[in-house]
Amino acid sequence: MKPMAPLIDDPPRAAAVSQPDLRLPERPEDELIMNLERDQFVSETSRPVPRAALSSRTIAALWALRVFVVVVSLMVVYTFIDQLH
Amino acid sequence: MAAPDASVAAGLGGPPRLTGEDAARSLDRSRVQDARRQHRRWQLLWLLVGPGILAMLGENDGPSMIAYASDGAQYGLGFFVPFIPLLFAMAYVCQEMCMRVGAVTHRGYGELVLQRFGTVWGWFGAGDLTLTNLVTLVAEFVSIRVGLAYFHLGAAVAVVLGLALVVFTLSGGRYWRWERIVLGMALFNGLFLLAAILVKPDVAAVARSFDFSPFPGGSFNTLLLLLASTIGATVTPWMIFFQQSASADKGMTPRDIKHGRYDTATGAVLAAIFGIGALVAGAALLTHNGSGIQGFAGAGFPEALRHVAGGAAGAAFALGLIEAGAVAILTICASTAYAAGECIGVSHSFNSSPRNAVLFYAANISVALVAAGVILIPGAPLLSIALNANVLATVLLPVSLVLMVMLANDKGLMGPWVNKRSTNVIGISVITFVGLCGAAYGIDSFLRTVHIIGS
């Protein structure tokens with residue numbers, strides 16, 4: 001079987017029927033695109049991530065912590081205002 | 001910078017839409033990739049450091065340095081000298097998680113909490129952040145004002161200087177430019193080390209104090225206040241928001257995590273050294289005349305230092321306070337702006353132009369404006385504001401840290417970069433410790449204030 005000659009060595013010849021160029025045209029921003037990971041683009045990071053499924057115990061624990069933190073914060077603020085007077 | 005939406009996706013599987021923000025970030029990334037390809041290690045490190053050092057040195061802010069100096073003035077050398085590096089080791093664990101989540105997900109903390117855990121938790125986090133940031137920003141302007149007062153300059157100069165810095169650093173429309181300016185300023189945090197050297201401390205006594213002794217005595221409530229404010233001086237909600245968002249804005253990727261760790265560790269080490277410098281300088285006030293922090297009306301540490309250690313020590317401390325306040329204003333305003341943009345869902349990047357990220361730039365400036373307005377009120381209790389800003393941050397911190405640990409353990413987001421078991425053990429220990437200290441001060445102070453227990 002005759003091996004295929006490398007394409008680069010092909011002599012230029014006129015095609016009987018013109019073939020469409022399937023390569024994408026080079027754009028100046030293509031080089032910029034290559035420097036970023038796909039999920040780094042604004043178009044990708046603008047898409048929200050799916051909501052996590054938290055168990056009822058986790059949600060209860062988070063609420064307990066939140067209420068505790070708010071109560072202690074109010075105590076700190078009250079003390080601070082009282083000290084000002 | 002290219003105009004937004006300069007190119008349009010060519011269809012399914014085609015190149016992504018390229019915005020001006022992408023183009024700016026891509027230029028920064030091309031330099032990182034060149035350095036990596038050519039094995040230029042130091043250049044790679046130089047290109048990738050930033051968010052970690054800024055978070056850590058940004059937290060060595062005015063209130064923090066006043067808190068460290070207060071520890072020194074009240075208790076001298078001893079417990080707090082080794083306590084500061086311990087706290088920064090804790091801060092490293094928290095901030096490394098932020099960097100890693102930012103590098104892997106390319107999203108900020110507020111955005112991820114809001115989308116992953118729901119709107120309620122996202123807005124709670126943003127609310128906590130806004131409250132603590134506003135109080136802390138007031139304290140930062142106070143810090144600049146105290147520093148300038150040493151040079152006989154008034155509050156108006158502090159306001160103009162702070163606001164001018166915010167506007168100047170925002171003017172470039174590039175994350176890289178903003179980061180490098182603030183990094184350059186942050187290195188002057190070393191002035192506190194200079195102040196410590198100028199008070200001529202007993203080096204042997206400083207070295208001996210690393211055995212955590214003597215343990216501070218005195219009023220239990222004052223000790224709790226100093227513990228809570230010292231913890232609030234090293235780990236705060238804004239640092240969590242800032243480092244994750246800045247890592248994403250810088251364009252860090254999972255390949256950069258190793259350098260992100262170097263960056264965070266360098267920041268922690270520098271911050272601990274400079275923090276100990278402030279404490280050692282403050283301790284000179286104890287050894288010379290035994291004054292407590294209550295004696296320094298108006299948080300006049302620089303003036304007090306001048307009396308006991310000379311004009312150079314006072315000037316170094318005063319300049320340090322100006323630097324600490326200025327850097328913190330820039331980083332805290334940035335964290336507020338990141339959170340606002342992320343929670344509302346609009347453009348939130350220094351790589352976006354002001355026209356394309358109106359809310360981000362407006363939030364950056366307006367939060368500074370509000371805080372600046374407060375310090376112009378005559379007769380404000382400066383030291384009390386500075387110390388209580390840190391305490392409030394300590395009290396509100398556990399919720400932010402718990403959500404951070406949950407994000408760093410989320411396999412759906414993090415894939416192979418989830419927390420190791422050891423990181424979780426340390427992280428949960430840090431949350432418990434911070435929560436207990438904050439709660440102990442809050443509850444004890446409140447019960448004393450309402451006279452349920454004796455003062």
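Convention: sequence-line order gives letters A, B, ...; per-chain numbering from 1.
- Expressed to the nearest 0.5 Å, how far OG1 of B:Thr449 lies from CD1 of A:Ile81 amounts to 11.0 Å.
- For B:Leu397, no part sits under 4.5 Å from any heavy atom of chain A, backbone or side chain.
- A salt bridge does not link A:Asp82 to B:Arg448: none of the charged nitrogens lies less than 4.0 Å from a carboxylate oxygen.
- A cation-pi contact, defined as under 6.0 Å to the ring centre and within 45° of the axis, is absent between A:Arg51 and B:Phe117.
- There is no contact between A:Leu74 and chain B, counting heavy-atom distances below 4.5 Å.
- Across B:Val399 and A:Val69, no two heavy atoms sit closer than the pair CG2-CG2, 3.7 Å.
- A distance of 7.5 Å separates CZ of B:Arg29 from CD of A:Glu37, quoted to the nearest 0.5 Å.
- When each of B:Asp28, B:Leu396, B:Val32 is scored by its heavy-atom pairs under 4.5 Å with chain A, the top score falls to B:Leu396.
- If you measure heavy-atom distances from A:Val71 to chain B, you find no contacts under 4.5 Å at all.
- Summarising the geometry, atom OG belonging to A:Ser46 is positioned 8.0 Å from atom CD belonging to B:Glu111; distances are rounded to the nearest 0.5 Å.
- The CG atom of B:Leu447 lies 6.5 Å from the CE atom of A:Met75; values are rounded to the nearest 0.5 Å.
- When every heavy atom of B:Gln115 is checked against every heavy atom of A:Val49, the shortest pair comes out as OE1-N, 3.0 Å.
- The side-chain heavy atoms of B:Val450 and A:Tyr78, taken from C-beta on, include a pair separated by under 4.5 Å.
- Neither the backbone nor the side chain of B:Val135 comes within less than 4.5 Å of any heavy atom in chain A.
- The CE atom of B:Met406 sits 6.0 Å away from atom OG1 of A:Thr58, with the distance rounded to the nearest 0.5 Å.
- Interface remark: B:Leu114 contributes no atoms to any contact with chain A (heavy atom separation under 4.5 Å).
- Comparing A:Leu54, A:Val76, A:Leu62 by how many heavy-atom pairs each has under 4.5 Å with chain B, the most go to A:Leu62.
- Using a distance-only test at 3.5 Å, with no hydrogens or angles considered, no donor-acceptor pair links the side chain of B:Glu21 to the main chain of A:Val42.
- Note: B:Thr253 leads B:Leu413, B:Val120, B:Thr253 in heavy-atom pairs under 4.5 Å with chain A.
- Summarising the geometry of B:Gly442 relative to A:Val72, their closest heavy-atom pair is CA-CG1, 4.1 Å, with the distance given to 0.1 Å.
- Highest contact tally toward chain A, considering only B:Asp128, B:Leu403, B:Asp410, is held by B:Asp128 [criterion: heavy-atom pairs under 4.5 Å].
- With a 4.5 angstrom heavy-atom cutoff, B:Val104 touches chain A only via backbone atoms.
- The backbone N or O of A:Thr45 sits less than 3.5 Å from a side-chain atom of B:Arg107, completing a donor-acceptor pair.
- For the atom pair OG of B:Ser26 and CE of A:Met34, the computed distance is 10.0 Å after rounding to the nearest 0.5 Å.
- Distance alone, capped at 3.5 Å, places no donor-acceptor pair between the A:Asp39 side chain and the B:Thr105 backbone.
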